Every structure is written in structure tokens, then in C-alpha cells.
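Residue indices begin at 1 and follow the sequence shown. Only a predicted model underlies this, so the values are computations on that prediction, with no experimental measurement involved.
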Amino acid sequence: LHSASTPPVPEPTEMGAVERMRLRAAVLSALVCLALGEVYVPGSVPAVDDDAPQVRVGECVPGEIPSDGPDPTDNCNAFFKSQGMNYDAYPIPPVCSTACTFEETSPPDEGRGATWPDKRWQTRGLNRAVGASEGCGASLPFDPWTGAVTLRPGRYVLQGSALGSTSKFMAARIALLDAETNEVETIALGTAQYAAEYDGAKAFANSIVAPTEYLACQTTKILLQHWKRVVAPDDWGPLPSTGFDEPRTVHASLSVRRVGGAGGCASSDQDDDVEATRTCTFREAAAICDGDGFGTSTADAWNERFLYDPETSGDAAKCGASAADDGRGIVVQPGTYLVSAVSPGVRSLIFVVRLAKYDSNGAYVETVALGSHGFERPDDGHPETNALSVILGTEVTVTEPTRFRLEQYVDASATSGDSKGRAPGYFINAGQFNGCDGDLSSYGANNVVPVIGAQLTVERLSRDRIGRSCLFRETIDATTAQPDRFMVNPATGQNGIISYTWNNGRLLNDYVSSPHSNATVNCGLLPNPTVDADGTSFQLAAGNYLLEAVSMGYSMSYGAARLVAVNSTGSKFTVAMSTSTKDETYANGVLQGGERNELMFIGPVHVTVKATSAGAGASEDLPVFRLEQYHFPTIHSYGAGFASGSSNAGYKAQESVRIGAQVRIERLKEPEHGGDTTTCAE
């Protein structure tokens, strides 16, 4: 957002009116209260609707205003908007949020372009906060020159997503920033990604940093960064078209979830709570110059992803999971866990990741979590990427030490032995890089930093989180060839996605509850989980929730997803937006057309739902939630995702569904003392 010559932020010299406002807002965080029955969601401002309950906007708390900025007693929002910022402050007690998301955004008519030289780590310009800093422990000061997020001492789970294009190697990372020396140290790396260009057509792709546990023992600054071998204009984010009607697009995001205090730090007088949530993340790693990359695949078969990264984050003794001694999968101890995964693939009509249970003899037992339907066209003549298959958090209980393997199916159409996703070594072997040292040395010192393929996160749940999660999945039958795409509903006449509009509710037809849910401990869904005729909406009881989602698009000149809340009058409020994406192939007339299923990630975001009523004795008016998708396409009948039903006998032998969009819901435990849950206590 600013060049290196931007003047530094001055230190305040006296406690004037502006400083007092700053003090009242010790951590800058955008908060919104919208009585959609009522939904409190930090960080978004919907369009004004005269018929909708009104958003209450309070004084603008400017934070640190640069010396060349306007007088802070003026309308400081004008200054923030001129910088691409959104920092309204609202006179409403914040929701005690355990999760915050920090986004890199721009107005929908402005592409997000790179301004730094290539072949180096670049900080993504996080400029918008979604969440209440008082609860999640993280804040984004008015500091767009660094994009740094500040963490209070405590234990966190961090995850990130960064969009890029036109580079044969790129990767995201979450990094620790030393405020005194400006030196940066990697906390966690994201998936190795590439997005080629063909005949002027660009592919866009996200690099994903899987949920990673991090213990901050002092006030700490972290960054979301992106490494790219080549930088081209506007290659961080595409532009939408007509009908988008949102004030911003999102190009990168960093999510911070606070899961505990500073117990475990040498300087802390707090005990390290061994019963608290603990997270281990296992990564598939390859040497950056290794031409074999992530290994070869067998067509029409399930292929193991080898999670052998020696720097697996988390404490295995506390998270309950560890790498198997023989390198074949992981061993999980008795307990209840939340498992999630992301895995890349290329040049296959089907690639799907799963977490599978194996017995002591090495035989497959069952699938405990299944990922989204990946697709990347196995033909030449298009801009390739490492497309992704994703498992959203799924609750799994283990009663004895059990072995699991992360596996990926590749169908018989696969034309490349490296269908697990391409690493930089592929391009070195093809003579397309100037050697490892010349092109890749700045990625990691002496080329010892690995590139990352698949990632598996195992989160051992604390007692107060067990039974409180559920998952909505959009599924179609895997045993038949048709339908071969998502969002097809003969009952309503729907035949794919609708162009140039958000009126595309994903068909969340498959509901997976926790095995420990009961009448009093559950994820908060009302008795009838879907409340409309076509199954696109769900309704939650009053309470506090974590929501996250992943949606899927195909043949998109621009695509994005959003979670919305809708009240009984039809008024709609955007809860959270996804990172945007694009497949420019069709737009440029390339013969093969849309080439992959691209995924769009949302959250996790903290939402508080409160019931309202029209008067004494009136029924509660609770909002319904929808996962919607905007699609600016040339072809739209397949726009919700291509789901080939051919060449996959090995898949159909063990799996019965193909998965499109997913929404995860976790109901947070209410304070035991009862009372107001909209205030945060230290």
C-alpha cells in the first residue's frame, strides 16, 4: 500500500483528545452490530437497506494518524478509505471472540498488484480486521507499511491463505517479525503452488498454511508473507464484474484463534494446562531442488501422502498424535480430535484426499474424513496450477492407539506421474529455472528450507469442545456418472450456477454431526437443520459460534464465496468473505476452457447469534445462514465445480460420495456464570 519512503508513524507527545480515543480503543478492531435477529459479526459493513435493521456506527477512532494525514478530528474514515483501510469503531460491547481474521482487501474496481521485486519474501498488506481483539488476543494496528499482526502472550492456532498468479513457484508462510532488528523467522510454511500462463491466459491459485499451534511468550508481531519467482502486474488478485455488490474483494487472509494462556512459557507463573486444546500439524516436505518432488502416483488408486517433515509443529505428547516409526502415516492415542487436511494435485480428472484408518496388519479399515473433489485437466494447452482437495475440521474419536494415513486418489485419466502436485524440482529438470541457486536461493538459506505438499492437522479437543462441532457437505453420488457437476437440483430446476449474482446458495444436503452430540451438547443447529426447500440454508440457536467454509468454482473469470445471515424479512448481511480467485482460460479463448476446480476459503470467524422478538409472547426471530457464491463466467452450468464420474473404479470401490462445498459449525461453550456473553474478561 505504501512505498518504503512512506514517513514513519510519529509517537504521540501528549495525552490529548485523540490519544484518549486511542486509549479507549486499546486494540483497533472493526466491530459491527446488525440486528438480523441479532447477529454480531466483527468487521463488515453491509450496504444500507432502509427496510433492514440499521447498523449503529459510533465515533471513529483513528489510531496512529501519519503526520501527512488529515486532522484526526475530521472524518477520519475518509483517510482510512483512501488507504484501503476499514476501521470504523462501534459503541457496542465487543463479542468475546476467540477468533479473528485479518484480510488483505481492495475495492472491487481495483486489482491488487505486486510492487516488490521477484524472488524474495513479500509481506501481504493485511488492512482489515474481522473479529474482536479483546477475545482472540490479536490486533492489526494502523500499520499498513508492515502488515504486522500483534499477538498478546498466549497460545494460538494460526492459519493463512494467499492468492497469486503467473509464477512457476510460489508459497505462503506465517512468519515472526523481530520488532527491533526487522529480521523474520518462519513459523509455518504453506503449500507449494504454481500458476502458469498460457497464450496470455493466467491461472490464479492459493497457497494454504494449515492450522498451526504457536505459543507467544511475549507481545509478538507476525506477518503473512508470499514468495514468488516471478511478479506480474495485478497478479495478487483479480477483479469482479457486474452484480458483485460488495464493498471489497479479499486477496489474502491470516486467521488467529486463541486457545489458551501463556502457560508453558518460562517467564509465566501460569501452569501449562495439559487438558487444553493442543494441535499438531504434519507436513509433507520435499527438498526444494529435488526433481522427484512429492513422489509419483499410481493411477486409479489411493496414494499415500508421506508426512515426514521433521519439524512437525506441536507437542506430540500433548496433542496425542505422532508420526509412525516406519514413516507410514501417524499414530493417534485415545481421545477426541478435530482433523483437517489440505492436499495439492495436478493433471487428473479426480483427485481427492482422505484420512483413512488402518489396522495393525497394514490393511485399510475405513475412511474417517473425506476431502473435496479435486480436478485439474490432464491435457496440454492450458495454464496449469496445483489445485487442492480439502478436509474441513471433522470430529474423530479414538479408543485405542490407532494408525491413520493421509491418502489421495488419482483417477485413471492421470497423465503425469507427479499428480500429487508439482514442486520446483519439476521445473529445474525441465530446464525452466536457472538452477536451484540462481532462482530459488532466497526462499530459504542455502536451500535447506523445504517446500510443502500435503498438510494434516490433528487438534486434540479439550473437554468443553467435544460434541460441539458439525459439518455440512454438498455431496453427489459417486457411484453414478451423472450428475457430473455440483449445484444440480432437478426438484427445483437448478442446473448449475447463475451468472453475475450472489444468488447461488450451495446445496448443503449432507449433514455430519459429532458422535458425542446430544440434546444439551451439540453444534447449535435447530431441530430441522435445513429450513428452506432447496437445502441451501441452516439455522442456529442463540449462542456463540465459530464458522468456517470452503466453496468450489470452475471456469471462473472471477469467483468468490461469502457466508450471509438472512432475517425473516429477507434482509441480508455478509458475515464473512472468501479469498477471491480466477481461471482466466475461457476469458482469453483458450481452446480447452476451464481447467480446474478452484477453492475459496472462509474463516474461521466468530459469530454471536441473539434472538429478537416482536413483543411479549412473540416467537424468536433467528437468522438463517447461507453459503453463497459469485461467479463471473463464460460457462456456468459447471461453474459450481466439475465432478467427473468416469475412470474412477478405485474410488467408487470405497467411497460413495463426491464433495463440493463444506461448512463447519462449532458452538462455543457459554460462560458458566451465565449473564452477558458480549463482554470479554482477561
Side-chain angles (χ1 to χ4, degrees), residues 121 158-162 168-176 185-194 205-214 225-227 229 279-297 303-316 319 321-331 339-346 351 353 355 386 388-391 404-408 417-429 433 436 439-458:
W121 287 103
L158 311 174
Q159 62 191 91
S161 172
K168 290 179 179 176
F169 173 56
M170 54 188 177
R173 74 174 178 183
I174 299 172
L176 173 67
E185 176 183 343
T186 299
I187 295 174
L189 290 165
T191 46
Q193 191 51 276
Y194 81 104
N206 275 295
S207 176
I208 305 299
V209 182
T212 302
E213 184 175 302
Y214 180 73
Q225 294 191 313
H226 209 170
W227 195 96
R229 178 177 174 268
T279 302
C280 282
T281 304
F282 301 89
R283 295 184 171 88
E284 177 185 48
I288 193 168
C289 300
D290 185 352
D292 292 333
F294 305 120
T296 59
S297 298
N303 297 269
E304 185 173 355
R305 307 297 307 229
F306 292 99
L307 306 170
Y308 55 84
D309 179 4
E311 297 183 358
T312 293
S313 65
D315 186 337
C319 80
S322 58
D325 292 339
D326 61 2
R328 302 296 303 274
I330 64 172
V331 176
V339 297
S340 60
V342 57
S343 188
V346 68
F351 66 91
V353 67
L355 187 64
N386 286 341
L388 301 172
S389 176
V390 168
I391 298 171
F404 294 94
R405 293 181 188 174
L406 191 68
E407 299 178 321
Q408 186 161 305
D418 60 352
S419 296
K420 290 182 176 180
R422 286 189 171 155
Y426 170 86
F427 299 102
I428 294 174
N429 288 351
F433 283 5
C436 187
D439 276 1
L440 302 172
S441 58
S442 61
Y443 174 79
N446 301 316
N447 297 320
V448 298
V449 176
V451 292
I452 304 300
Q455 302 172 77
L456 169 66
T457 299
V458 180

To the nearest 0.5 Å, what is the distance between [atom1] ([X]) and [atom2] ([Y])?
X      : Y      : atom1 : atom2 : value
Ile187 : Gln225 : CD1   : CD    : 10.0 Å
Leu158 : Tyr214 : CG    : OH    : 8.5 Å
Leu406 : Ile391 : CG    : CD1   : 6.0 Å
Glu407 : Leu355 : CD    : CG    : 8.5 Å

Distance-only side-chain donor-acceptor flag, Asn303 / Ser297, under 3.5 Å: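 Ser297 and Asn303 do not have a side-chain donor-acceptor pair below 3.5 Å.
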Parallel, tilted or perpendicular, judged at 30° and 60°: which one describes the rings of Phe169 and Trp227?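 Tilted: the ring planes of Phe169 and Trp227 meet at 30° to 60°.
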If you compare all heavy atoms of [X] against all heavy atoms of [Y], which two are closest, and at what distance to 0.1 Å?
X      : Y      : result
Thr191 : Gly453 : CG2-O, 3.3 Å
Gln455 : Leu189 : OE1-O, 3.6 Å
Ser419 : Gln408 : O-NE2, 4.0 Å
Val458 : Ala321 : CG1-CB, 3.9 Å
Pro344 : Leu388 : CA-CD2, 3.9 Å
Val451 : Ala423 : CG2-CB, 4.1 Å

Go through Tyr194 and Tyr426 one step at a time and tell me if the ring-ring contact (aromatic ring centres under 6.0 Å, His included) criterion holds. CA-CA 11 Å; Tyr194 81 104; Tyr426 170 86; 7.5 Å; no
Worked check of side chain to side chain contact (heavy atoms under 4.5 Å, CB included) between Ile174 and Thr212: CA-CA 10 Å; Ile174 299 172; Thr212 302; 6.0 Å; no
Does [Y] offer a backbone N or O that forms a donor-acceptor pair with the side chain of [X] under 3.5 Å?
X      : Y      : value
Thr279 : Glu213 : no
Glu304 : Gly329 : yes
Glu185 : Leu176 : no
Arg283 : Ala188 : no
Tyr443 : Met170 : no
Ser343 : Ala454 : no

Does the pair Thr186 and Val449 meet the rule for a side chain to side chain contact (heavy atoms under 4.5 Å, CB included), with working shown? CA-CA 10 Å; Thr186 299; Val449 176; 5.7 Å; no
Stepwise side chain to side chain contact (heavy atoms under 4.5 Å, CB included) test for Glu284 and Leu307: CA-CA 4 Å; Glu284 177 185 48; Leu307 306 170; 4.2 Å; yes
Where do Arg422 and Asn386 land on the side chain to side chain contact (heavy atoms under 4.5 Å, CB included) test, with the steps shown first? CA-CA 7 Å; Arg422 286 189 171 155; Asn386 286 341; 4.0 Å; yes
More than 12 heavy atoms of other residues, nucleotides or ligands under 6.0 Å from CG of Asp326: yes or no?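 Count over threshold, so yes.
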